[in-house]
Amino acid sequence: MQDVIVVGAGPAGCAAANILAGSGKAVTVIERRRLPRNKPCSGILIGKTLELLREHFGEVPRAALCTPYENRGMVFFDDDGKEFCFEQKGLNVWRSPFDFWLWEQAATRGANLIEGRNVTAVTQGDGFAEVAFADGTKLRARFVIDCSGAAGGLRGRSEGGRDLVYTYQVFYRGSSCLDPHYFYALTDPRFSEYDAWYNVKDGMPVAGVAVRNPQNAVRFHKAFFEHLHTEFGFSVTRAVREERWVMPHIRPKCSVHCGEGNILCAGEAAGFLNPMGEGISSALASGMLAASAVVNRKQDALSAYTASVRELQEYMARQWKLLSFLSERFRGMRGE
Ligand SMILES: Cc1cc2nc3c(=O)[nH]c(=O)nc-3n(C[C@H](O)[C@H](O)[C@H](O)COP(=O)(O)OP(=O)(O)OC[C@H]3O[C@@H](n4cnc5c(N)ncnc54)[C@H](O)[C@@H]3O)c2cc1C
């Protein structure tokens with residue numbers, strides 16, 4: 001019997017493992033892929049994320065930084081194309097070395113890793129929780145923290161209902177007149193069913209769209225590409241690669257699923273994501289809060305954890321308010 005099993009070695013899982021191992025708990029992280037693994041992402045670390053990292057992990061290593069490494073904020077274009085610039089100092093990183101660095105910090109503190117193994121189920125037992133693998137093997141711990149992300153589909157919010165948004169982004173060789181130090185997001189319904197975005201990584205422009213129906217992704221992406229070309233002089237010599245992924249669909253109530261019994265859910269598995277798609281800060285914070293609840297109040301960890309995430313939900317709600325100001329689609333979701 002372990003103290004804690006963490007499923008998933010993304011930011012939520014590594015943050016949880018880092019706190020648990022640092023507090024002397026026997027913790028094993030189970031990751032279905034081999035590390036380092038890539039996570040489709042824009043890789044923008046906002047100020048809030050950097051604060052958490054400095055406090056718990058240290059400075060982001062150079063090996064994880066993209067060019068330009070400095071992110072100066074976000075530029076939003078509302079449904080009518082009106083521009084709003086939110087200046088904030090952040091970083092531009094590649095997720096593969098960034099997440100691997102997070103894992104290394106947790107490992108240095110004593111967290112164990114089982115990689116290349118897919119957890120197929122997490123179940124509650126009598127005073128313990130259990131994970132199962134496809135070959136029938138089981139591992140038991142006092143607590144399991146499900147950090148399997150939006151695509152994980154274990155005990156978290158992604159199980160069953162799977163209320164998801166589908167993302168499609170393409171990396172190019174090319175250029176535009178947009179300042180590469182900013183991340184651009186557009187809510188115009190001609191370009192996406194959620195939002196569309198543009199950013200630059202190691203000199204490669206990236207254009208992405210989020211849709212409710214994955215079959216619509218390429219059509220919306222084409223319209224967005226044309227818009228970037230006409231309005232911002234976007235021209236490309238070739239497409240380098242495509243990435244498709246999912247995110248939780250965040251609704252106005254910003255509800256999350258913290259878990260049940262001895263199973264706690266953190267990060268996107270619980271439904272934490274700031275409505276415009278920034279999720280690393282809430283993944284780190286919720287992973288740490290889940291771990292702290294296990295360390296400090298093991299008798300009723302779930303209640304302690306649920307109470308401690310209220311601030312994160314309030315932050316999501318504030319972001320939602322901003323989006324509903326920018327976009328009719330988001331305003332429209334209020335009535336759902
Ligand atoms: C296109 C896109 C752009 C984004 N841009 C940004 C951005 O610029 N900034 C930002 O802050 N956020 C961004 N996000 C959101 C951010 O990527 C996520 O919120 C964040 O990665 C969530 O972290 P997590 O630890 O909860 O999950 P993940 O990072 O998804 O990690 C989950 C881990 O669990 C593993 N796993 C899943 N299922 C199992 C299983 N059954 N058994 C074992 N292991 C399993 C996975 O392999 C994975 O390693 C973006 C998301 C997308 C899709």
Side-chain angles (χ1 to χ4, degrees), residues 6 8-23 39 41-66 68-76 85-95 97-109 111 145 147 149 181-183 185 199 201 247 250 254 256 266-268 270-296 304-305 307-323:
V6 174
C14 292
N18 193 46
I19 294 279
L20 290 159
S23 308
K39 157 75 178 67
C41 187
S42 304
I44 305 298
L45 306 182
I46 63 168
K48 211 165 148 31
T49 307
L50 295 178
E51 274 171 34
L52 285 169
L53 291 171
R54 278 191 196 112
E55 193 181 340
H56 296 274
F57 289 88
E59 291 296 327
V60 177
R62 272 173 175 272
L65 300 178
C66 297
Y69 69 86
E70 186 194 5
N71 177 263
R72 295 181 186 156
M74 295 181 91
V75 178
F76 288 91
C85 182
F86 300 93
E87 301 275 349
Q88 190 191 69
K89 274 198 175 164
L91 286 178
N92 188 8
V93 301
W94 288 113
R95 282 295 296 276
F98 171 72
D99 286 24
F100 190 57
W101 168 68
L102 294 178
W103 162 250
E104 283 180 321
Q105 305 305 300
T108 306
R109 291 181 160 199
I145 306 183
C147 300
H181 294 91
Y182 290 85
F183 180 86
N199 63 314
K201 301 192 87 67
M247 298 190 297
I250 305 301
C254 299
V256 292
E268 284 192 352
F272 287 106
L273 178 74
N274 296 315
M276 196 46 112
E278 186 279 323
I280 299 174
S281 65
S282 50
L284 290 169
S286 60
M288 288 176 196
L289 290 170
S292 302
V294 166
V295 171
N296 299 329
Y305 173 52
S308 70
V309 298
R310 243 168 244 144
E311 215 177 289
L312 290 182
Q313 286 179 277
E314 282 163 15
Y315 179 75
M316 286 167 75
R318 284 199 298 278
Q319 297 282 315
W320 182 273
K321 219 170 164 186
L322 174 66
L323 273 175

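Residue numbers start at 1 and run along the sequence shown.
- The distance from atom CH2 of Trp320 to atom CD1 of Ile250, rounded to the nearest 0.5 Å, is 8.5 Å.
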(request) Show the numbers, then the answer: is there a side-chain contact (heavy atoms from CB on, under 4.5 Å) between Val294 and Leu20? (result) CA-CA 8 Å; Val294 166; Leu20 290 159; 4.0 Å; yes
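- Within 6.0 Å of CD in Glu311 there are 12 or fewer heavy atoms belonging to other residues, nucleotides or ligands.
- A side-chain donor from one of Asn92 and Lys201 sits under 3.5 Å from a side-chain acceptor of the other.
- Within the cation-pi definition used here (under 6.0 Å to the ring centroid, within 45° of the axis), Lys39 does not qualify as a partner of Phe98.
- Heavy-atom minimum distance, Phe57 versus Cys14: CZ-O, 4.1 Å.
- The residues Glu59 and Arg54 are annotated as salt-bridged, a charged nitrogen and a carboxylate oxygen being separated by less than 4.0 angstrom.
- With a 4.5 Å cut-off on side-chain heavy atoms, Met288 and His56 count as touching.
- A search for side chain to side chain donor-acceptor pair (under 3.5 Å) contacts involving Arg318 returns nothing, not counting sequence neighbours.
- Of the possible donor and acceptor atoms, none in the side chain of Thr49 sits under 3.5 Å from a partner among the backbone N and O of Ile280.
- Using cut-offs of 30° and 60° on the angle between ring planes, the pair Phe86 and Phe76 is perpendicular.
- Of the inter-residue distances, the one linking Ile44 atom CD1 with Gln88 atom CD reads 11.0 Å to the nearest 0.5 angstrom.
- The closest side-chain heavy-atom distance from Phe183 to Val75 is not below 4.5 Å.
- Considering all non-hydrogen atoms of both residues, Leu284 and Pro11 come closest at CD2-O, 3.6 Å.
- Heavy-atom contacts from other residues, nucleotides or ligands closer than 6.0 Å to OH of Tyr69 number 12 or fewer.
- One distance of note links OG of Ser281 with CG of Leu52; it measures 7.0 Å at 0.5 Å rounding.
- The shortest distance between side-chain heavy atoms of Asn71 and Leu45 does not fall below 4.5 Å.
- Between the side chain of Glu268 and the main chain of Met247, no donor-acceptor pair closer than 3.5 Å is present.
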